[in-house]
Amino acid sequence: MTEYLFIVLSAIFINNFIVARFLGICPFLGVSKQVETATGMGMAVTFVMALASGITYWIQKVLVVLDIEFLRTITFILVIAVLVQFVEMVIKKSSPVLYQALGIYLPLITTNCAVLGVTIINVDENYNFLQSVVNGIGGALGFSLLLILFAGIRERLAFAPLPKAIEGIPIALITAGLISIAFLGFSGFDLAALLGL
Amino acid sequence: MEAGSLNIILHGVAVLLVLGAAFGLGLALASRKLAVESDPRIDEIEGLLPGANCGGCGYPGCRGLAEAIVAGTAPVTGCPVLKDHAPIAAVMGVESTTAERMVARVRCAGGLKEAAQRFIYIGVEDCAAAQTLGGGAKACTFGCLGLGSCVKACPFGAMTMSDNGLPVVDEAKCTGCGLCVKACPRQIITLWPVAKKVIVLCMNTEKGAAVRPVCKVGCIGCRLCSKNCPAEAILVENNLARIIPERCTNCEVCVEKCPMKTIKGADKQESAVG
């Protein structure tokens, strides 16, 4: 059990996809103007990353058996694209408002490198099925956490009396840098010792 | 070919085929199950729009405009590129209100030959940049700066720069999208009904004595045109003649009377020569 906790906590804080692995920066900057849409995006990415981790685990098994591991990237992208299409349909049906708010960033989850990243990391780390899914969920939670934190700050910044020159994207990038430095503090954590592994 | 590599090819094709078929089938079923009813008129109008996604209407692509038209937030004539809006009006069940076709006209005739320069401008090839540098090199502070910001702004390739340093509009290609109008820092370009051929090619509102030294073809505000216009279509305000296109009959009396040759029929404009 502590083993899974280890994977989740390190995926969220220590190896965070955005600030430590620098994956998924596009939606991080694109869909972080409102906490509500950021939450929706986080949920969509969590769903896609968890399912993608699970499905690609079995696909990787098949690829290894057939000795065609060089097709890993293309098959994984195929899985991710299909999942994103599916999520898009579900959101369009269940929440047209969220569908409007996410706009182009919803289909762009396909090209969100964090999703492909987590599936490849799962293979590289030799995770078993459950570990892969847990890593996918943990990574997505870390992504969502940062997205929502960042959106919360940006919502307040929108009303802050800023110099004209750094309004909008410049202050967003400065904020992102400061958050990244704050998360750097977690990299000194000896999580394994903390959990008694 | 050895059996091993053949196997790899076969396995690769088979795996992708099976995965693709399975996913495709799954998505097809899901899309039927999760289908969302959308207004069929959106698709219909999108089909009638040009599909160039130029953004001239101010909406994100033709689909965006189609949605706005159906939602009622955009007029049926919202597409500036389309020449005939009647089919869209028919889809929406309203009267066709096809607007008169407008083209861009450059209201300055003072090119390198006609207009004096105050200094030699060496800098960014952009009119707005030149404008900020002491008001540009041209002695006339109303005339065309001649650096072609409008030409660069035109997404339809309808504008070119003449040897005389004035932009030339190809009326056949011009769609009246208005991007050049926005690009000009001196508001020289205007959208003008294509059927109205006569136009005053000057924006200078200074008195005649101030216009003559800087430009050979500038309007001096002599009022000969407005006095002689049979349709009373010309106003002279602030020392500058202005034609009201709704009243103009293309009789070209003003073109003959103008002592500075500022007023011209479209066929004799530089834009037609270029």
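Per chain, numbering begins at 1; letters A, B, ... match sequence-line order.
Separation of atoms CE (A/Met89) and NZ (B/Lys33) is listed at 13.5 Å; rounding is to 0.5 Å. Rounded to the nearest 0.5 angstrom, A/Ile68 CD1 and B/Leu10 CG are separated by 10.5 Å.
Environment of CD1 in A/Ile74: sparse, with no more than 12 heavy atoms of neighbouring residues, nucleotides or ligands closer than 6.0 Å. Surrounding CD of A/Glu69 are more than 12 heavy atoms belonging to other residues, nucleotides or ligands, all under 6.0 Å away. Annotation: A/Phe86, atom CZ; neighbour count of heavy atoms from other residues, nucleotides and ligands within 6.0 Å does not exceed 12. Residue A/Phe189 places its CZ atom among 12 or fewer non-hydrogen atoms of other residues, nucleotides or ligands, all under 6.0 Å distant. Remark: A/Phe159 CZ is loosely packed, at most 12 non-hydrogen atoms of other residues, nucleotides or ligands lying under 6.0 Å away.
Only the side chain of A/Leu63 has a heavy atom closer than 4.5 Å to any heavy atom of chain B. Of the two parts of A/Val62, only the side chain, counted from C-beta on, holds a non-hydrogen atom closer than 4.5 Å to a non-hydrogen atom of chain B.
In this structure the side chain of B/Val15 never reaches within 4.5 angstrom of the side chain of A/Leu71, judged on heavy atoms.
When all heavy atoms of B/Leu16 and A/Leu78 are compared, the closest pair comes out as CD2-CD2, 4.5 Å.
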